[in-house]
Participant: 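This is the structure I have questions about; it appears just below.
A note on names: the letters A, B, ... follow the listed sequences, proteins ahead of strands, and every chain is numbered from 1.
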Amino acid sequence: MLNIQSSIRNSYPLIFLFGPTGVGKTALLDTIFHDNYSIINADSIQIFRYLNIGSAKPDESMLSRIPHYLINIRDPYESFSVGDFVHLSDEALVDIRKQNRIPIVCGGTAYYFKHFYYGLPKSPKSSTEVRELIHQRVEKRGANWAYEELMRIDPPSAAKIHPSDIYRVTRALEVYESSGKPLSSYHVPSSPRKGLNPLIIGLQRDKKELHERIEARVDMMIQDGLIEEINSLLEMGATKEWPGMQGIGYREYFSLTETHSFTLSALRDLIIKNSQKYAKRQMTFFRSIDGVNWVHPNDLARIEELLNLYYFEYV
RNA sequence: GCCGCUUUAGCUCAGUUGGUAGAGCAAAGGACUGAAAAUCCUUGUGUCCUCGGUUCAAUUCCGAGAGGCGGCA
């Protein structure tokens, strides 16, 4: 249908496809994006092996039908970060283009898209050891110490980060600890990386519709054996500290058993609630990305039209 | 039928020694510098069940009624 190598702009087609959980990304891939497309997964939980049902990972048959990158590449106790995502995606991109196929970056992790699109800051990568060290200091010197320390070593970051945001305060301290330079000295890219020029498609449904789909999907997960999946992870030694266990569908199991309030229906309700809240957070992040073509997943005509307009520039 | 408790934000409940009220959850919006399905921020007018009484003033006290829960019959 088109010869990618003939690109007149010396850049290749690239598609971003994103949207909140349950909006229908996977189904859409299966209906229009097969044949000469390859997929780069941008979902921070589907990265992990064994987390199949809870992460709503595409099934085996789909994975064999359409080439997927960055799925099942880590064990659930291993760490993975945006940085890994960007590097591996860049490699995947080269590989896919070598095969004369069209790459689609598809998933729900907005943060991954942002850094893939804009490029990573030069700040040092996260280190579990350093983070642990910072944690110990916080334990020892009290809850207020971390933010006070941040104000001392990096006032600009302290001004931007809320004192209660332990996650970011810790990271800022971690950067200073491992590089000797404040986080604010590393600038954040403010424009997209050169040569990417993606067609950005955002999938959107109205809230009621999305919430109903999420509810139905959680019921389906339970029916498909979510509990069995969790049990087999527990047999592998899974704890709530495993990076993969922060995924919705798994974390609820731990929080409910911890408070001795685990029942199947409590689990179901909590997973639904947390998924719906997550969908909302995803949408506010996605909305902040420039140049998104928002479409309803059922509007195939509009999606075809977007693709044709986009490809027209390349042939 | 009698007795006791209860009725306040979408939900669970605080509270006002009488001067018209506030938490958690939910909801809405937002942030996002290598853990991001994470982490965090902002936003609370609601016949304080109804009617009557006392009072300058009642959601708050008194009486009656209605709903709910429990006990005794």
Participant: Take atom NE2 of His211(A) and atom C1' of A28(B), then tell me their distance rounded to the nearest Å.
Facilitator: 11 Å
Participant: Would you mind reading off the distance between Tyr186(A) atom OH and C32(B) atom P, rounded to a whole angstrom?
Facilitator: 20 Å
Participant: Please report the distance, rounded to the nearest Å, between CZ in Arg168(A) and P in A31(B).
Facilitator: 12 Å
Participant: May I ask you to say what Tyr112(A) touches in the nucleic acid, namely base, sugar-phosphate or nothing, with a heavy-atom cut-off under 4.0 Å?
Facilitator: sugar-phosphate
Participant: So, does Lys280(A) get its side chain near the phosphate of G29(B), meaning an N or O under 4.0 Å from OP1 or OP2?
Facilitator: yes
Participant: Find which nucleotide of RNA chain B each of Ser157(A) and Gly249(A) is nearest to by heavy atoms, and output the residue with the more 5' nucleotide.
Facilitator: Ser157(A)
Participant: Any side-chain N or O of Ser123(A) less than 4.0 Å from the OP1 or OP2 oxygen of G34(B)?
Facilitator: yes
Participant: Base, sugar-phosphate alone, or nothing: which one does Val82(A) contact when heavy atoms must sit under 4.0 Å apart?
Facilitator: sugar-phosphate
Participant: Taking CG from Leu173(A) and P from G34(B), how many angstroms apart are they, rounded to a whole number?
Facilitator: 13 Å
Participant: Do Arg65(A) and Asp30(A) meet the salt-bridge criterion of a basic N to acidic O distance under 4.0 Å?
Facilitator: yes
Participant: Is the phosphate of A38(B), meaning OP1 or OP2, less than 4.0 Å from a side-chain N or O of Arg251(A)?
Facilitator: yes
Participant: State the pairing partner of G4(B); accept Watson-Crick or G-U wobble contacts with both distances under 3.5 Å, and report none otherwise.
Facilitator: C69(B)
Participant: Taking only side-chain nitrogens and oxygens of Tyr111(A), does any of them come within less than 4.0 Å of OP1 or OP2 of A38(B)?
Facilitator: no
Participant: Contact class for Tyr250(A) (heavy atom, under 4.0 Å): base, sugar-phosphate, or nothing?
Facilitator: nothing
Participant: Go through the steps for Phe85(A) and Phe80(A) under the test ring-ring contact (aromatic ring centres under 6.0 Å, His included), then give the verdict.
Facilitator: CA-CA 8 Å; Phe85(A) 174 79; Phe80(A) 188 81; 7.1 Å; no
Participant: Taking the C1' atom in each of A9(B) and G70(B), what is the distance between them to the nearest angstrom?
Facilitator: 27 Å
Participant: Without swapping roles, check the side chain of Glu215(A) against the backbone of Ile272(A) for a donor-acceptor pair under 3.5 Å.
Facilitator: no
Participant: To the nearest Å, how far apart are Arg281(A) CZ and G29(B) P?
Facilitator: 14 Å
Participant: Look at the side chain of Tyr278(A) and decide which nucleotide, out of U33(B), C40(B), A38(B), has an atom nearest to it.
Facilitator: A38(B)
Participant: Across all strands, who's sitting opposite A23(B) as a Watson-Crick or G-U wobble pair, both distances under 3.5 Å?
Facilitator: U12(B)
Participant: Look at all strands and tell whether Thr284(A) reaches a base, only sugar-phosphate, or nothing, counting heavy atoms closer than 4.0 Å.
Facilitator: base
Participant: I need the CD1-P distance between Ile272(A) and A27(B), as an integer number of Å.
Facilitator: 12 Å
Participant: Return the pairing partner of U55(B) with a 3.5 Å limit on both distances, Watson-Crick or G-U wobble; otherwise return none.
Facilitator: none
Participant: Taking atom types as modelled, is there a side-chain donor on Ser184(A) or Asp154(A) under 3.5 Å from an acceptor on the other?
Facilitator: yes
Participant: Taking NZ, NE, NH1 and NH2 as the nitrogens, is one of them in Lys125(A) or Glu174(A) under 4.0 Å from a carboxylate oxygen of the other?
Facilitator: no
Participant: Using ring-ring contact (aromatic ring centres under 6.0 Å, His included) as the criterion, point out the one residue from Tyr118(A), Phe18(A), Phe285(A) that pairs with Phe113(A).
Facilitator: Phe18(A)
Participant: Ignoring backbone atoms, establish whether Lys207(A) has a side-chain N or O less than 4.0 Å from OP1 or OP2 of A28(B).
Facilitator: yes
Participant: So, is Ser288(A) near the phosphate of C32(B), with a side-chain N or O under 4.0 Å from OP1 or OP2?
Facilitator: no
Participant: Expressed as a whole number of angstroms, how long is the span from Lys277(A):NZ to U39(B):C1'?
Facilitator: 12 Å
Participant: In whole angstrom, give me the gap between the P atoms of U16(B) and A23(B).
Facilitator: 15 Å
Participant: Please determine, for the side chain of Ser164(A), which listed nucleotide (C41(B), A38(B), G34(B)) has the closest atom?
Facilitator: C41(B)
Participant: Flag the pair Lys208(A) and Glu212(A) as a salt bridge only when some basic side-chain nitrogen lies within less than 4.0 angstrom of an acidic carboxylate oxygen.
Facilitator: yes
Participant: Under 4.0 Å between a side-chain N/O of Lys273(A) and OP1 or OP2 of A26(B), yes or no?
Facilitator: yes
Participant: Taking atom P of A36(B) as reference, at what distance in whole Å does atom CZ of Arg171(A) sit?
Facilitator: 12 Å
Participant: Classify the nucleic acid contact of Asn274(A) as base, sugar-phosphate or nothing, counting any heavy atom under 4.0 Å across all strands shown.
Facilitator: nothing
